[in-house]
Q: 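Please find one structure pasted underneath; my questions will follow.
As the structure is a prediction and not an experimental result, all values here were calculated from the model. In the text below, chain A, chain B and the rest are named by the order of the sequence lines, each starting its count at 1.
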Amino acid sequence: MALSREQIAQRVAQELQDGFYVNLGIGIPTLVANFVPDNMDVMLQSENGLLGMGQFPTEETIDADLINAGKQTVTMAKGASIFDSAESFAMIRGGHVDLTVLGAFEVDANGNIASYMIPGKLIKGMGGAMDLVAGADNIIVTMTHASKHGVSKLLSNCTLPLTGKGCIKRVLTDLAFIEIKDGKFHLLERAPGVSVAEIIKLTEGELVIPVDVPEMQF
Amino acid sequence: MALSREQIAQRVAQELQDGFYVNLGIGIPTLVANFVPDNMDVMLQSENGLLGMGQFPTEETIDADLINAGKQTVTMAKGASIFDSAESFAMIRGGHVDLTVLGAFEVDANGNIASYMIPGKLIKGMGGAMDLVAGADNIIVTMTHASKHGVSKLLSNCTLPLTGKGCIKRVLTDLAFIEIKDGKFHLLERAPGVSVAEIIKLTEGELVIPVDVPEMQF
Amino acid sequence: MAGFDKVVTSYEEAMAGLEDNMTVIAGGFGLCGIPENLISEIKRKGIKGLTLVSNNCGVDDFGLGILLPNRQIKKIVASYVGENAEFERQMMAGELEVELTPQGTLAEKMRAGGAGIPAFFTATGFGTPVAEGKEERQFNGRDYILEESITGDFAIVKAWKADRYGNLVFRKTARNFNPLAATAGKITVVEVEEIVEVGELDPDQIHTPGIYVDRLIQGTFEKRIEQRTVQPSSTAAGE
Amino acid sequence: MAGFDKVVTSYEEAMAGLEDNMTVIAGGFGLCGIPENLISEIKRKGIKGLTLVSNNCGVDDFGLGILLPNRQIKKIVASYVGENAEFERQMMAGELEVELTPQGTLAEKMRAGGAGIPAFFTATGFGTPVAEGKEERQFNGRDYILEESITGDFAIVKAWKADRYGNLVFRKTARNFNPLAATAGKITVVEVEEIVEVGELDPDQIHTPGIYVDRLIQGTFEKRIEQRTVQPSSTAAGE
């Protein structure tokens with residue numbers, strides 16, 4: 001069965017390591033913070049200028065001067081630091097963030113990503129997404145494998161305007177965990193109960209399938 | 001008579017304005033701080049990362065962590081701020097310093113300056129001088145008009161490697177205050193008791209002499 | 001000390017000299033750390049044809065959004081816009097020019113503008129619509145594009161505390177673009193919650209040295225929250 | 001919390017992995033704010049063929065100068081050198097390569113290296129020997145040259161205080177190049193006067209976030225003064 005949003009976040013969280021500085025995008029990526037394994041510490045970077053993002057505040061501790069990149073009120077974790085936007089993106093662009101998790105509309109077999117703009121629809125802007133995909137070595141894209149109408153989001157070539165070129169190496173969808181290498185999608189794992197045939201059907205780009213495709217473990 | 005080092009500094013100090021942020025080079029420029037007019041406030045920028053340099057410390061207040069760009073122990077004036085070297089040169093390069101005063105070996109009629117290197121002699125480096133001359137709009141160069149052997153330092157073309165190109169507009173020597181404009185030196189003032197003839201003799205570059213050349217007032 | 005005293009006592013004085021068709025760089029991220037009252041003064045003055053450089057454009061009735069109804073903004077350079085209906089209408093109708101710029105590139109453009117760096121290379125935006133018309137170049141086998149810096153006729157900034165010399169301290173994530181905007185204005189105007197005497201701020205802990213600040217005014221702030229997210233008090237106890 | 005605890009307890013551990021022919025970026029200006037003990041450890045290890053990036057090269061018997069007698073330095077990138085005799089001898093004899101770089105350009109190169117900016121334009125050095133071999137370009141009628149960024153295999157940094165996560169605070173002008181160096185090392189090693197518990201430093205007042213720091217050690221420092229200038233105690237009274 002296709003993974004729920006929570007399960008996608010849970011699988012991504014398995015890629016965390018103790019001591020990782022992590023930037024989580026809006027949506028499913030945000031949920032990853034709820035699945036950080038016990039006895040493991042990660043620090044969340046929020047690109048508006050906060051390293052060490054904590055939980056949401058209570059009504060009593062809410063502070064208009066303390067928000068995350070999604071403009072939500074947050075708190076600071078112990079050991080947090082605050083900095084300006086240039087420093088924040090120096091951190092991101094300079095490759096100092098260990099893992100970036102973000103959503104996308106489409107990803108293609110060359111590692112291109114489209115995530116910010118659908119021509120003809122209202123364009124709200126890329127925010128920090130272009131900087132994040134250009135700056136990070138270690139990115140996981142989370143998204144549904146295909147649209148509700150069964151149109152694949154893992155393409156041979158992105159159809160929408162790109163957020164970044166050749167920068168995506170790993171994609172976790174509701175159906176599969178996939179690596180992008182040598183211009184091809186490589187199937188690493190499948191969601192529990194999802195068949196390889198189903199994944200093949202919903203992957204438009206070239207898909208390399210190993211002899212054994214293990215189910216994800218939770 | 002030719003100006004003393006102190007008199008050069010004193011004349012430069014007349015160009016100060018209340019509220020000026022000023023960077024003073026090593027040597028004669030440093031002395032300018034001693035002649036800031038009463039009822040006028042200037043803040044001294046030291047390019048190693050201090051805005052608001054104070055006097056030298058006493059034996060009791062000396063602090064190895066607080067030095068100026070000449071590596072001398074200093075103090076902080078009231079309202080001082082500390083920053084890193086990139087921020088310090090952002091200030092300088094971005095044109096935020098109101099007046100820069102520095103020494104030179106040679107200046108030419110095109111506003112070129114040579115101040116850091118004499119080929120064949122030990123090269124110690126340009127320090128912040130190249131950044132200062134490139135970044136400031138308002139620079140006064142202080143130097144002796146000619147060498148001890150009577151060789152002019154105000155040339156049609158610098159002979160030494162340049163510190164900066166086309167960036168010097170005003171020079172104060174022990175003999176004259178000179179503006180550089182349209183590829184020529186323009187004599188503005190002469191030192192008390194120094195004749196125009198003497199200045200002509202010791203100026204190799206083209207010198208424009210107005211009908212009246214006032215003596216400097218102290 | 002008069003020479004370094006940046007304090008002005010009215011918003012009219014604070015924004016004196018702002019004229020039609022000027023470029024204004026504004027600090028703030030969303031509604032956090034925005035120079036609320038300086039924006040209101042721009043609205044009051046009725047200045048038109050402005051080019052605004054700001055990460056966002058406020059909401060319908062707060063922040064830079066309040067400059068939309070009277071069509072005061074000609075163009076906005078931002079990374080994320082469209083949190084309000086009037087903005088959308090003007091953009092769709094071609095009445096408002098929008099130059100989308102990646103957030104980190106926008107921050108770096110402001111910093112570069114203030115620092116006398118006319119242009120820099122960045123990987124951000126390579127191969128995307130942002131790269132159109134820009135020089136591309138490889139360094140060490142990676143692709144980059146050339147981005148030019150931004151300066152403004154005015155920069156409007158919100159800080160937390162300042163001394164009279166304009167030395168600034170920001171508070172929490174209200175810092176964001178403010179220190180960068182402060183460096184990039186020909187005239188930089190700062191409004192703060194509190195002005196302290198010179199000497200009260202620790203020189204080691206000043207975020208923006210007063211050299212960047214031209215005018216300083218103390219204001220009162222609504223500090224509206226855009227996405228109020230809270231957890232119940234009880235679950236937070238174990239944090 | 002182990003994952004973010006950057007503290008190591010020996011200088012050997014602090015500089016583990018440093019090998020011959022590596023590039024080391026060092027903080028400090030003159031002898032102020034230099035990582036004294038990390039430099040001593042490099043001397044002790046006997047590493048050779050180093051490329052050093054530092055504003056200065058110390059004096060004969062202190063700072064980076066102590067790496068000269070055993071010919072540990074192959075090349076130095078600096079803005080001002082030659083405060084010591086052995087340096088002069090090696091440079092004149094062609095045993096030591098010196099790449100003179102304007103101070104502000106050097107600072108910006110380090111910052112750019114840490115910030116993923118491969119190159120930037122600056123007016124500094126245009127028309128001078130520094131511009132040789134570099135691209136020249138006009139922006140808005142002014143001349144600039146293109147300068148490339150610097151990164152190092154190691155960065156060695158001296159801060160005042162740190163928490164165990166590597167959040168750093170610098171003191172007075174000992175800050176100088178240190179925060180920039182900290183961003184530009186593949187491995188950044190920091191020595192400090194005091195390590196405090198996590199949570200003791202005000203998040204608004206951290207100069208270098210711990211994300212840039214790989215190893216942290218507490219040391220004791222000589223803090224030698226290069227130009228000891230004082231005024232008599234009496235004249236200072238009226239200050």
Q: Does any non-hydrogen side-chain atom of C/Asp143 lie less than 4.5 Å from one of A/Lys165?
A: no
Q: List the atom of A/Asp84, the atom of C/Asn176, and the distance in Å for their closest heavy-atom pair.
A: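 It is CB-O, 3.3 Å.
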Q: Considering all heavy atoms of both residues, which atom of A/Arg93 and which atom of C/Thr105 are nearest to each other, and what is their separation?
A: NH2-N, 4.4 Å
Q: Using every non-hydrogen atom in the two residues, find where A/Asn68 and C/Phe29 come nearest and quote the distance to one decimal.
A: O-CE2, 3.8 Å
Q: Do the charged groups of C/Arg228 and A/Glu59 touch, with an N to O distance under 4.0 Å?
A: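 Salt bridge: yes.
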Q: Look only at the side chain of A/Asp131 and the backbone of C/Gln103, and say whether a donor-acceptor pair between them is shorter than 3.5 Å.
A: yes
Q: Can you name the nearest heavy-atom pair linking A/Asp63 to C/Arg171, along with the distance?
A: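 What the structure gives for the nearest pair is OD2-NH2, 2.7 Å.
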Q: State whether the side chain of C/Gln231 and the backbone N or O of A/Phe56 hold a donor-acceptor pair below 3.5 Å, judged by distance alone.
A: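 A pair under 3.5 Å: yes.
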Q: Can you tell me which portion of C/Asn55 sits under 4.5 Å from chain A's heavy atoms? Options are side chain, backbone, both or neither.
A: neither
Q: Is A/Glu87 in contact with chain C via its backbone, its side chain, both, or neither, using a 4.5 Å heavy-atom distance?
A: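 Nothing of A/Glu87, per the 4.5 Å heavy-atom cut-off to chain C.
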Q: Out of A/Ile92, A/Leu50, A/Ile67, which one racks up the most heavy-atom pairs below 4.5 Å with chain C?
A: A/Ile67
Q: Select one option (side chain, backbone, both, neither) describing which atoms of C/Met110 are under 4.5 Å from chain A's heavy atoms.
A: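 Interface part for C/Met110: neither.
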